[in-house]
Amino acid sequence: MEKLEVLEKKEVKKETISGAEAVVKCLLNEGIDLVYGYPGGAIMPVYDEFYKRKDEFTHIMTRHEQGAIHAAQGMARATGNVGVVIATSGPGATNLVTGIADAQIDSTPLVCITGQVGAHLLGTDAFQETDIISISTPVTKWNYQITDAKEIPEVLAKAFYIAKSGRPGVVLIDITKNAQFDKLDFEYKKCNHIRSYVPVPKYDLSKIKEAAELINNAKKPFIIMGQGVILAKAEQYFKEFIEKTGIPTSQTALGLSGLETNHRLNVGMVGMHGHYAPNKKTNECDVLIAIGMRFDDRVTGNLSKYATQAKVIHLDIDPAEISKNVKADVGVLGDIKETLPLLTDYVKAKEHKVWLQQFKDLYKEEYKEVIKDQLSPSKKGLTMGESLEAINKYTKGDAIIVSDVGQHQMFACRYAKFNKTRSNITSGGLGTMGFALPAAIGAKVGMPNREVVAVIGDGGYQMTIQELGTIFQHKMAVKIVVLNNSFLGMVRQWQELFFDKRYASTEMVNPDFQTIAKGYDIACNKVSKREDLDKSVKAMLDHDGAYFLEIIIEKEDNVFPMVPTGASVSDIRLK
Amino acid sequence: MERQLYTISIYTENNIGLLTRISTVFLKRHYNIESLNVSATEIDNVHRFTIVTFISTDEAVKLITQLEKQIEVIKAYYHKEDEVIYHQTSLFKIKSNLLFEEKEIQNIIKHSSSRIVTINKEFFAIEKSGREQEIKELYDQLLPYGIMQFVKSGRVSVSKTEMEITKLLKSIKN
Ligand SMILES: Cc1ncc(C[n+]2csc(CCOP(=O)(O)OP(=O)(O)O)c2C)c(N)n1
């Protein structure tokens, strides 16, 4: 083994190449052979290298840089690998900003590479010069401007290390044009240490024991699982932990699919439009165990009335999250992949039958008041709930569901069934409309053998609808379901409930989406009758290739339950 | 929670762009920076930001974790006023003729333990180091005579207790 390494080292010969070529070689060294992007003046040398390496390297040109970055996000979320996106300077770079903010707040590992004007032009308001470093600073984990070709290997190695280690995030590397043209002696060494950066804090065994003690003595313990479990690839350890302790387990929107929907201990989603039982029980449990989640305000509602009766145990990799919003009685820092198995060792095997049954009883109430009318509606128009149920019926819960932002998103989170991890891809922290279509592209590219269904509102669809062009050009088998209620539904719901039905700028006059799909040569269908729903969903899923299905939804339907802004989670409304 | 002056000491790598990143952490939370000083430290290639801000203890605790989250921040500390020894320095530029025409000015200089650092035909410059309040007092005394220019530095401070940055860096290297 050692000998081999010595041999390998000897073989690493320095070669003199251009900065642009170095960029591509760095990517290949990091195992990246596919990126999303959009060309332009300041990044052309790198594109020229892509061209020369067409056989070993794929560049997917989207129709807008926002599409490129959401696609990279979708791929990263579906696969767990770093997504890479590339754009030119100025407008190319600024078009990435929404995606950067989105990925950063949802802890998605991304490396963004932007071209920049030549170093001698920096600060002169040159053509297509924007200070993307300053613009992106508050929304990146790290960023850096390369002005000298020699810096490229080391900086890109650092970029990948930072993006994926610890709590993942976004790194932006801005490369001036001269640095792309200039020559360097290329040698690539992966980065695995930065002295000022501690990606994984060392766990403290005494905290784990303290947590175990609390859990062992708890009468009504309750777990909230966040995306941290998925990011840590600790789903199996998580399952072992809950199965041993028998604790009712809920998920945040981003935690969904980390535990299969039908698991006997899964009691659903917490938060503003989460399930009734977990929201109610948050304010009844005696020990609240938060694992890889960050107590977002959409999860907690009114913080001063949130779980005040409970002892809080918080497991997270990010020290800044412990006691940020909800004070932790026991904060267990560290990689969940390490801390969870240890915790499992220290906890006693238990069942919480009566306590768990209380969740099931509340679910029955929710079913009666809310879910039943979604699944077998009394209304004439189709509902979002039954649309999702039709999708479940034929995907059997094996598909990746990529949802956009709005009512349909909450319906997707609430009604979609998940059997496999990394199957719920949605813009959680930022709530970016327009996310789903390009993210679904990325998910499909990353996981070609999985069914990918994008569930989108008629509003959000039109924010990145141009990406139909990408699907068309690259023949991507993405299934697109638009739940068309002719409204910006979620905003309309708030107007109905809190603004006396003053529907300011939420009614949509939509184009003929069928014609648009046809223009891109994408198979399509539109359904508005209940009796046609199942078969049209089946036809979509049976179709080999991309498919656009428009489902006409009852116009003024609402998502319930709901925790109104400022209310406590236990004041969740069923109607 | 009650707000008070905190001295935030941030040890960082000596890298370009870090000032923006650090000030962003303050800006994002709407904390005003009362004073800012950046300098080299006793450790090679390690810089120190000394920032004074008016926040609550709870905010200070969280601010530190957010600062330490920045990749190139090595370590950050917060201290209350009585936990640090601090100084600021200031310069006053005043017309030279006043030194001879207004006798009182000489007394003011003497009693404030400030010193004249330069003098020429047109103006002379006084340097005064000390705590905020002492500088303010001198300013108030000189103001009636006319100050041509006044400038005050950001705070520099050392903590009374140890900031274990050297030890920390050693442990990281090993
Ligand atoms: C880029 C962006 N702009 C505005 C919003 C505010 N917003 C949240 S949901 C929503 C309505 C979404 O409407 P639609 O896509 O039709 O989905 P529906 O709610 O009807 O399911 C809006 C405007 C947002 N989340 N993102």
Side-chain angles (χ1 to χ4, degrees), chain A residues 101 104-105 107 119 122-123 131-148 151 155 158-159 161-163 165-174 191 193-199 201-202 294-295 303 316-328 331 333, chain B residues 1 8-31 33 41 43-49 55-78 163-174:
Chain A
Q104 177 66 10
I105 200 166
S107 309
L122 285 172
D131 179 5
I132 194 63
I133 293 296
S134 292
I135 292 173
S136 66
T137 292
V139 284
T140 48
K141 187 169 173 185
W142 188 62
N143 59 9
Y144 190 86
Q145 185 174 62
I146 295 175
T147 51
D148 179 344
E151 296 177 284
V155 171
K158 241 175 115 173
Y161 173 60
I162 292 170
S165 58
R167 180 174 178 177
V170 183
V171 173
L172 180 137
I173 304 299
D174 195 35
C191 173
H193 173 76
I194 296 168
R195 74 164 180 178
S196 58
Y197 170 52
V198 187
K202 183 92 195 73
R294 61 185 179 85
F295 292 109
L303 257 188
D316 208 282
I317 200 166
D318 181 358
E321 290 301 345
I322 307 286
S323 296
K324 183 181 85 177
N325 296 335
V326 171
K327 175 120 189 51
L333 271 175
Chain B
M1 251 200 264
I8 311 291
S9 306
I10 310 158
Y11 288 90
T12 72
E13 298 294 352
N14 176 18
N15 287 355
I16 198 167
L18 212 47
L19 175 60
T20 310
R21 197 164 266 285
I22 284 171
S23 64
T24 297
V25 176
F26 285 78
L27 177 62
K28 193 172 166 187
R29 291 166 185 77
H30 209 82
Y31 301 160
I33 290 177
T41 63
I43 311 153
D44 270 357
N45 289 317
V46 172
H47 271 217
R48 176 169 165 183
F49 289 69
I55 52 177
S56 72
T57 308
D58 186 44
E59 288 169 330
V61 173
K62 288 180 193 170
L63 180 62
I64 295 303
T65 62
Q66 295 293 340
L67 287 166
E68 287 185 343
K69 200 167 155 167
Q70 308 307 317
I71 302 292
E72 287 145 330
V73 169
I74 300 165
K75 191 83 190 147
Y77 300 89
Y78 63 96
M163 290 195 257
E164 295 182 323
I165 184 74
T166 316
K167 219 195 256 171
L168 181 87
L169 278 176
K170 271 198 195 121
S171 77
I172 292 172
K173 269 184 197 153
N174 295 337

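Everything numeric in this text was worked out from a predicted model, so none of it was measured.
- Residue A:Asn143 touches chain B through both its backbone and its side chain, counting heavy-atom pairs closer than 4.5 Å.
- From A:Thr137, atom OG1 reaches atom CG of B:Leu18 across 9.5 Å, with rounding to the nearest 0.5 Å.
- Both the backbone and the side chain of B:Glu72 come within contact range of chain A, with heavy atoms under 4.5 Å apart.
- Heavy-atom distances place the side chain of A:Ile162, and not its backbone, under 4.5 Å from chain B.
- Checking each of B:Val73, B:Ile74, B:Ile71 against A:Tyr197 for a side-chain contact (heavy atoms from CB on, under 4.5 Å) leaves exactly one that passes, namely B:Ile71.
- Heavy atoms only, all atoms of each residue included: B:Asp44 and A:Arg195 are closest at O-NH2, 4.3 Å.
- Using a 4.5 Å cut-off between heavy atoms, B:Thr24 touches chain A through its side chain atoms alone.
- Atom CD of B:Glu68 is separated from atom OG of A:Ser196 by 11.0 Å, given to the nearest 0.5 angstrom.
- Nearest heavy-atom pair, B:Thr65 versus A:Pro319, reported as atom, atom and distance to 0.1 Å: CG2-O, 4.2 Å.
- Nearest approach of A:Glu321 to B:Lys69, heavy atoms of both residues: OE2-NZ, 4.4 Å.
- A:Thr140 touches chain B through backbone and side chain together, each having a heavy atom under 4.5 Å away.
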